[in-house]
Amino acid sequence: MTSTHKEAVAPEIERSPGRWLALAVLALAVLLVAVDATVLGLATPYISEDLKPSGTQLLWIGDVYSFVIAGLLVSMGSLGDRIGRKKLLLTGAVAFGAVSVLNSYATSPEMMIVARALLGVAGATLMPSTLALIRNIFHDPRERSLAVGIWGAMASAGAAVGPVVGGFLLEHFWWGSVFLINLPVMAVLVLVGMKFLPESKNPAPGPWDLVSVVLSLVGMIAVVYAIKEAAAHGMRWDVAATAVVGIAALVWFVRRQLTLPAPLLDMRLFRNRGFSGAVLADLLTVLGLSGLVFFLSQFLQLVQGRRPFEAGLAELPAAVGAVGAGLIAGMVARRFSVRIVVAGGLAAVGLSLAVLTALDQSTGYPLLGAALLVVGIGAGFSFTVTADVILSSVPKEQAGAASAVSETAYELGAALGIALLGSIVTGVYRDFTAPPGTPADVASAAHESLGGAVESSASLPSAQADVLLHSAQSAFVDGLRLAAGVGAAVLLATAAAAWFLLKNQKLEDGVEH
């Protein structure tokens, strides 16, 4: 790869060691978002005990962040392309830190839901900006593959650091402290980012279309809300009406993008089979995984009786596998092929989830740890290579919008996964029978959530409390097994789809000019 034929478009600064310092700043932002997502699952039992949310409110606390982020990512990615990705990233980082404080001091379920939603608004500015900046900083495709691998590895490291640090904080402080760990990371990100991050934006972006922004937000939130409600409580007329409004808004959004001279999202990107295949693989993979991950922390703590810190350590193998796989994914995809790495990774995750259908209250850690390690390795390979495919499929000017599509698929998958698989777990769980003589208020609280069962059983005589808890834990594990089975089916089907959609897809080799 000689530089003889390269034009002066690739400035010398982008080939200097400064680009790796810039990557370190971007990795911090990713770390922050990943820590925030995983720490919530660990804190859920404590939030349940303190704020006493209903089962539905608990699910909203879990997924409203993803709903809002999914609705705003495309708009924010496009905004970054227009006003500057560095400017948007640093503004969003400051907002993320401020809203984290609001999460820490929430005093009611409603306030917590609003705080999580506001965090989603701030989070929507961070993720597309980080990937888009990588696309514009690294012009050598092999370097970019490594940079994307490091980016993905930091997301996985955040998923590992979150539960361990969160577990330590939960054992020594109140649950709100898990959100305050965002603040020092934010401070470093902003101070270092101001100095080392290069600004980049689309040189001829056109106006930011506010009608498209509203249509995207309304459409995404309405559709996801309708799916969640239908899964949890069945199809009602108001849920059906919300779904119709959401679908109509998204159809209008797509039609509008096709007619605008400077669209918020260039729909022609989806004509690229590699781009579409990678986006679909991301969405379905996260859908299959997220519901399980959301409930796994509760299983480790409330069923197997582990302390929060111990539960955090128990989830480490998944992150270790994902970090290792992410760092070598680009090299492996060039050595073999994109579709072998992505489809193989997804199949490995699917088979691991299938193994978890054998889970019971006394399952030993070796089986769980091994399954989590394979899940991490498979996901690390798949997510890193699909992110690379998505980034290299588009011109640099559209990097923000393309990154936002990738992140939207991820967040939408997370919201749908928690909604659908979470509803399966909750639906099975609520069918358990409380022992005879259980007071109505205790039985009602126990049926709301497993955390509610643990707390309310404390008021019963020891023998009766043990029977209630055993029934509740058994029902929770039954729901978890069923969710793991559905997740396994989704992942194996996605692996098969990726095998066909990513045929002949290759990662770039030559330096851009």
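For the numbers below, each heavy atom of this structure counts, side chains included, while hydrogens, waters and symmetry mates do not.
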Apply ring-ring contact (aromatic ring centres under 6.0 Å, His included) to [X] and list each qualifying residue two or more places apart in sequence or on a separate chain.
{"X": "Phe383", "answer": "Tyr410"}
{"X": "Phe253", "answer": "none"}
{"X": "Phe179", "answer": "none"}

With a 4.5 Å cut-off on side-chain heavy atoms, are [Y] and [X] touching?
{"X": "Ser100", "Y": "Leu180", "value": "no"}
{"X": "Val114", "Y": "Val64", "value": "no"}
{"X": "Leu287", "Y": "Thr494", "value": "no"}
{"X": "Leu51", "Y": "Met112", "value": "yes"}
{"X": "Ser276", "Y": "Leu501", "value": "no"}
{"X": "Met220", "Y": "Leu250", "value": "yes"}

Inset, instruction - Check the surroundings of atom CE in Met111: do more than 12 heavy atoms from other residues, nucleotides or ligands lie under 6.0 Å from it? - result: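 Yes, the 6.0 Å shell around CE holds more than 12 heavy atoms from other groups.
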Inset, instruction - Count the heavy atoms belonging to other residues, nucleotides or ligands that lie under 6.0 Å from CZ of Phe173, then report whether that count exceeds 12. - result: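 Check fails, neighbour count at 12 or below.
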Distance (rounded to the nearest 0.5 Å) between [X] [atom1] and [Y] [atom2]:
{"X": "Leu280", "Y": "Phe275", "atom1": "CG", "atom2": "CZ", "answer": "12.0 Å"}
{"X": "Leu118", "Y": "Tyr65", "atom1": "CG", "atom2": "OH", "answer": "12.0 Å"}
{"X": "Ile113", "Y": "Ser108", "atom1": "CD1", "atom2": "OG", "answer": "8.5 Å"}
{"X": "Arg82", "Y": "Asp209", "atom1": "CZ", "atom2": "CG", "answer": "8.5 Å"}
{"X": "Phe96", "Y": "Leu119", "atom1": "CZ", "atom2": "CG", "answer": "4.0 Å"}
{"X": "Arg306", "Y": "Leu300", "atom1": "CZ", "atom2": "CG", "answer": "5.5 Å"}

Inset, instruction - Please lay out, stage by stage, how Phe381 and Val385 fare under the test side chain to side chain contact (heavy atoms under 4.5 Å, CB included). - result: CA-CA 6 Å; Phe381 275 127; Val385 174; 5.6 Å; no
Inset, instruction - Answer yes or no: is there a donor N or O on one side and an acceptor on the other, between the side chain of Ser216 and the main chain of Gly71, under 3.5 Å? - result: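 Pair found, side chain donor or acceptor close to backbone of Gly71.
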Legend entry - Check: Thr259 side chain, Arg256 main-chain N or O, donor-acceptor pair, under 3.5 Å: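 Confirmed, Thr259 side chain pairs with Arg256 backbone.
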Identify the heavy atoms of [X] and [Y] that sit nearest to each other, and give their distance.
{"X": "Val425", "Y": "Gly479", "value": "CG2-O, 3.6 Å"}
{"X": "Thr384", "Y": "Gly149", "value": "CG2-CA, 3.6 Å"}
{"X": "Ala483", "Y": "Ile424", "value": "N-CG2, 4.2 Å"}
{"X": "Thr125", "Y": "Met76", "value": "CG2-SD, 3.8 Å"}
{"X": "Leu346", "Y": "Ala498", "value": "CD1-CB, 4.2 Å"}
{"X": "Ala278", "Y": "Val389", "value": "CB-CG1, 4.1 Å"}

Inset, instruction - Any chance you could lay out the side chain to side chain contact (heavy atoms under 4.5 Å, CB included) test for Ser212 and Leu260, step after step, and finish with the verdict? - result: CA-CA 10 Å; Ser212 297; Leu260 286 173; 3.7 Å; yes
Inset, instruction - Dump the intermediate steps for side chain to side chain contact (heavy atoms under 4.5 Å, CB included) on Val254 and Met267, then the final yes or no. - result: CA-CA 7 Å; Val254 171; Met267 302 309 293; 3.9 Å; yes
Inset, instruction - Determine, step by step, whether Phe476 and Phe299 satisfy the ring pair (Phe, Tyr, Trp, His ring centres under 6.0 Å) criterion, reporting the C-alpha distance in whole Å, the side-chain angles of both residues, the deciding distance to 0.1 Å, and the verdict. - result: CA-CA 8 Å; Phe476 183 84; Phe299 170 79; 7.3 Å; no
Inset, instruction - Please test Leu89 against Leu26 for side chain to side chain contact (heavy atoms under 4.5 Å, CB included), starting from the C-alpha separation and ending with a verdict. - result: CA-CA 9 Å; Leu89 177 72; Leu26 299 178; 3.8 Å; yes
